[in-house]
Amino acid sequence: QIHLVESGGGLVQAGGSLRLSCTASGGTIYAMGWFRQASGPEREFVASISFYDTNIFYGDSVKGRFTISKSNTLNTVVLQMNSLKPEDTAVYYCVSADVVGMWVAENIDSWGQGTQVDVSS
């Protein structure tokens, strides 16, 4: 079981930026990324990145504003979030999976504990 530890998050005004980081341990990493969950039960795909090639995927709502990057040597993934909007407010979960793609929650093998992002208007 992959263990994921997130850092970052917090409160920011609309238009501002935040950076989330996640480090994995406990196994081989094939792909990592992020989901988010606002007030409802569904978890929304945010971004994913392959650790073996250049494939990167973004959810439609964050394209052009968020950037995902990685460090293979550190087993770390970073989500740079710019031009934040109030609708980006959510708990952000770091995840890992066996393949990269535009995931649904059922694709995911491991979840982090989540970190809160609040964007004020």
Side-chain angles (χ1 to χ4, degrees):
Q1 182 80 12
I2 303 297
H3 182 59
L4 303 168
V5 178
E6 300 128 334
S7 62
L11 174 64
V12 66
Q13 287 189 328
S17 297
L18 281 174
R19 178 183 171 100
L20 304 182
S21 182
C22 176
T23 299
S25 61
T28 301
I29 304 300
Y30 297 95
M32 289 180 69
W34 300 87
F35 275 76
R36 67 186 182 185
Q37 185 173 10
S39 56
E42 287 197 17
R43 294 185 175 183
E44 178 189 9
F45 170 74
V46 175
S48 65
I49 187 166
S50 170
F51 270 54
Y52 285 88
D53 54 37
T54 59
N55 284 325
I56 292 175
F57 296 85
Y58 293 100
D60 289 341
S61 61
V62 306
K63 279 181 184 175
R65 300 187 298 121
F66 291 11
T67 302
I68 190 169
S69 59
K70 63 178 180 176
S71 167
N72 285 58
T73 56
L74 298 176
N75 275 356
T76 296
V77 63
V78 172
L79 186 69
Q80 178 67 41
M81 305 184 293
N82 298 329
S83 303
L84 282 161
K85 305 174 182 180
E87 51 263 45
D88 293 317
T89 294
V91 177
Y92 283 71
Y93 293 92
C94 177
V95 300
S96 70
D98 288 341
V99 293
V100 72
M102 293 191 69
W103 296 317
V104 294
E106 290 74 17
N107 296 142
I108 302 306
D109 302 318
S110 300
W111 295 82
Q113 79 281 3
T115 185
Q116 181 71 44
V117 170
D118 290 297
V119 184
S120 63
S121 58

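- Considering only residues two or more places apart in sequence or on other chains, Ser120 meets the side-chain contact (heavy atoms from CB on, under 4.5 Å) condition with Leu11, Gln13.
- Ionic pairing of Asp88 and Lys85 is not present here: no N-O contact between side-chain nitrogen and carboxylate oxygen is shorter than 4.0 angstrom.
- Qualifying salt bridge (charged side-chain N to carboxylate O under 4.0 Å, His left out) partners for Arg19, counting only residues two or more places apart in sequence or in other chains: none.
- Val12 is linked by a side-chain contact (heavy atoms from CB on, under 4.5 Å) to Leu18, Leu84, Val119, counting only residues two or more places apart in sequence or in another chain.
- Here disulfide (SG to SG under 2.5 Å) pairs that include residues 14-99, with residues two or more places apart or in two chains, are Cys22-Cys94.
- With sequence neighbours excluded, no residue forms a side-chain hydrogen bond (donor to acceptor under 3.5 Å, both in side chains) with Ser21.
- Rounded to the nearest 0.5 Å, atoms OG (Ser121) and CD (Glu87) are 10.0 Å apart.
- With sequence neighbours excluded, no residue satisfies salt bridge (charged side-chain N to carboxylate O under 4.0 Å, His left out) with Asp53.
- In this structure Glu44 satisfies the salt bridge (charged side-chain N to carboxylate O under 4.0 Å, His left out) test together with Arg36, sequence neighbours excluded.
- When every heavy atom of Leu20 is checked against every heavy atom of Tyr92, the shortest pair comes out as CD1-CB, 3.6 Å.
- Under the 3.5 Å distance criterion, the side-chain polar atoms of Glu6 are matched with a main-chain donor or acceptor of Gln113.
- The residue from Val62, Ile49, Ile68 that alone fulfils the side-chain contact (heavy atoms from CB on, under 4.5 Å) condition with Trp34 is Ile68.
- Applying the salt bridge (Lys or Arg N to Asp or Glu O under 4.0 Å) rule to pairs touching residues 96-114 yields nothing, sequence neighbours excluded.
- The disulfide (SG to SG under 2.5 Å) contacts involving residues 25-57 comprise nothing, where partners must be two or more places apart or lie in separate chains.
- With sequence neighbours left out, Asn107 forms a side-chain hydrogen bond (donor to acceptor under 3.5 Å, both in side chains) with no residue at all.
- Distance OG/Ser50 to CD1/Ile56: 9.0 Å, rounded to 0.5 Å.
- For the pair Asn75 (side chain) and Ser25 (backbone), a donor-acceptor distance under 3.5 Å is absent.
- The shortest heavy-atom contact between Ile2 and Ala24 is CG2-CB, 3.9 Å.
- The side-chain hydrogen bond (donor to acceptor under 3.5 Å, both in side chains) search around Thr115 returns none, not counting sequence neighbours.
- Formation of a donor-acceptor pair under 3.5 Å by the Ser48 side chain with backbone atoms of Gly101 is found in this model.
- Note that CD of Gln37 is 10.5 Å distant from CD of Gln116, once rounded to the nearest 0.5 Å.
- Linking ILVMFWY residues whenever their side-chain heavy atoms come closer than 4.5 Å, directly or via other members, leaves Val78 and Tyr30 in distinct clusters.
- Clustering of Ile, Leu, Val, Met, Phe, Trp and Tyr side chains at separations under 4.5 Å places Val95 together with Phe35, Phe45, Phe57, Val91, Tyr93, Val100, Met102, Trp103, Ile108, Trp111.
- The shortest distance between side-chain heavy atoms of Leu4 and Met32 falls below 4.5 Å.
- Taking OG1 of Thr28 as the reference point, atom OH of Tyr52 lies at 5.5 Å (rounded to 0.5 Å).
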